[in-house]
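Each residue takes its place number in the sequence, starting with 1.
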Amino acid sequence: MLFGGPHQSLPSFQRAGVQPGDRIYPVRVHRTRLHVLGMLEVAHIVPYEDVGSVLPDDDYVKLLDWRPLKAGCVTEVLVGPPGAPLTFGTVVPGDLLERLTFTSRRGERLLKYVEDGRLIRSVSLQGIYRLAADSAEELDQLVRRDGPTGGADDV
């Protein structure tokens with residue numbers, strides 16, 4: 001599960017154009033390195049109030065642990081089959097960081113503020129962005145290679 005909402009600190013996946021079938025790669029920046037925390041293939045985008053009706057019982061119990069998020073303006077939940085488990089060990093190599101490309105209606109753009117394979121600022125990663133096809137494939141391979149299953153079949 002991933003959570004979205006109406007604020008910049010918790011952006012809306014629906015407003016960003018996320019659809020069932022899309023793969024989401026949550027990231028974290030720490031000390032000039034980009035960490036891919038996991039991967040979720042979107043099965044449903046559900047209003048927070050209705051998510052209990054689409055979750056298996058085991059997952060609904062987990063959702064109850066996240067109830068405090070509702071006070072933080074969570075309005076939507078991305079639900080999918082098990083994806084790559086949450087981990088902080090997958091670091092995007094510098095050469096991939098330098099060619100990581102995003103796409104939008106305006107065209108493609110490289111990740112900003114990358115120097116010598118290091119991410120100097122993280123501001124260009126704040127939000128929800130669509131990866132270009134080649135970058136998405138490379139990130140997917142990286143997550144599968146570094147994940148605990150070491151190259152599991154498609155999620």
Query - Heavy-atom neighbours of D95 CG exceed 12 at 6.0 Å - result: yes
Requested in this report: Would you kindly confirm whether V29 and V27 end up in one hydrophobic cluster when ILVMFWY residues are joined by side chain heavy atoms under 4.5 Å apart?
Outcome: yes
Query - Side-chain (S135) to main-chain (T101) donor-acceptor, under 3.5 angstrom - result: yes
Query raised in the report: Under 4.5 Å between side-chain heavy atoms, hopping through other hydrophobics if needed: is there a path connecting L110 to V114?
Result: no
Query raised in the report: In terms of heavy-atom contacts, does CG of D50 have more than 12 from other residues, nucleotides or ligands at under 6.0 Å?
Result: yes
Query raised in the report: Is the closest side-chain heavy-atom distance between F13 and V42 below 4.5 Å?
Result: no
Report summary line: Per side chain to side chain contact (heavy atoms under 4.5 Å, CB included), L34 is matched among V91, L125, L96 by L125
Report task. Can you measure from CD (E98) to CZ (R118) and round to the nearest 0.5 angstrom? Result -> 10.5 Å
Query raised in the report: Measuring from R28:CZ to L37:CG, what's the distance to the nearest 0.5 Å?
Result: 8.0 Å
Report summary line: Minimal heavy-atom distance between M39 and D140, with the atoms involved, is CE-OD1, 4.2 Å
Query raised in the report: Atom CG in L131, atom CD in E137: separation rounded to 0.5 Å?
Result: 11.5 Å
Query raised in the report: Given side chains that start at C-beta, do those of P6 and T75 come closer than 4.5 Å, heavy atoms only?
Result: yes
Query - Set of side chain to side chain donor-acceptor pair (under 3.5 Å) partners for R33, sequence neighbours left out - result: none
Query raised in the report: Is any NZ, NE, NH1 or NH2 atom of the basic residue among D22 and R130 found under 4.0 Å from an Asp or Glu carboxylate oxygen of the other?
Result: yes
Report task. Just jot down the side chain to side chain donor-acceptor pair (under 3.5 Å) partners of Q14, sequence neighbours excluded, or say none. Result -> none
Query raised in the report: S124 and L111: which non-hydrogen atoms are nearest, and at how many Å?
Result: OG-CD1, 3.2 Å
Query - Nearest heavy atoms of F88 and H35, plus distance in Å - result: O-ND1, 3.0 Å
Query - Heavy-atom closest contact (P20 atom, A43 atom, distance) - result: CB-O, 3.5 Å
Report summary line: Which of L2, V51, I45 passes side chain to side chain contact (heavy atoms under 4.5 Å, CB included) with V77? Answer is V51
Requested in this report: Could you tell me which non-hydrogen atom of E41 sits nearest to which non-hydrogen atom of G21, and how far apart they are?
Outcome: CG-O, 3.9 Å
Query raised in the report: For atom CZ of R121, is the number of surrounding heavy atoms from other residues, nucleotides or ligands below 6.0 Å larger than 12?
Result: no
Report task. Please round to the nearest 0.5 Å and tell me the distance separating atom OH of Y25 and atom CG of L142. Result -> 10.0 Å
**Report entry** Distance-minimising heavy-atom pair for Y129 and Q126
**Finding:** OH-O, 2.9 Å
Requested in this report: Could you tell me the separation between the CG atom of L86 and the CG atom of L40, rounded to the nearest 0.5 Å?
Outcome: 11.5 Å
Query raised in the report: Distance-only, no hydrogens or angles: does the E108 side chain make a donor-acceptor pair with backbone N or O of T103 under 3.5 Å?
Result: no
Query raised in the report: Should L10 and M1 be regarded as members of a common hydrophobic cluster, given that ILVMFWY residues are connected when their side-chain heavy atoms come within less than 4.5 Å of each other, either directly or indirectly?
Result: yes
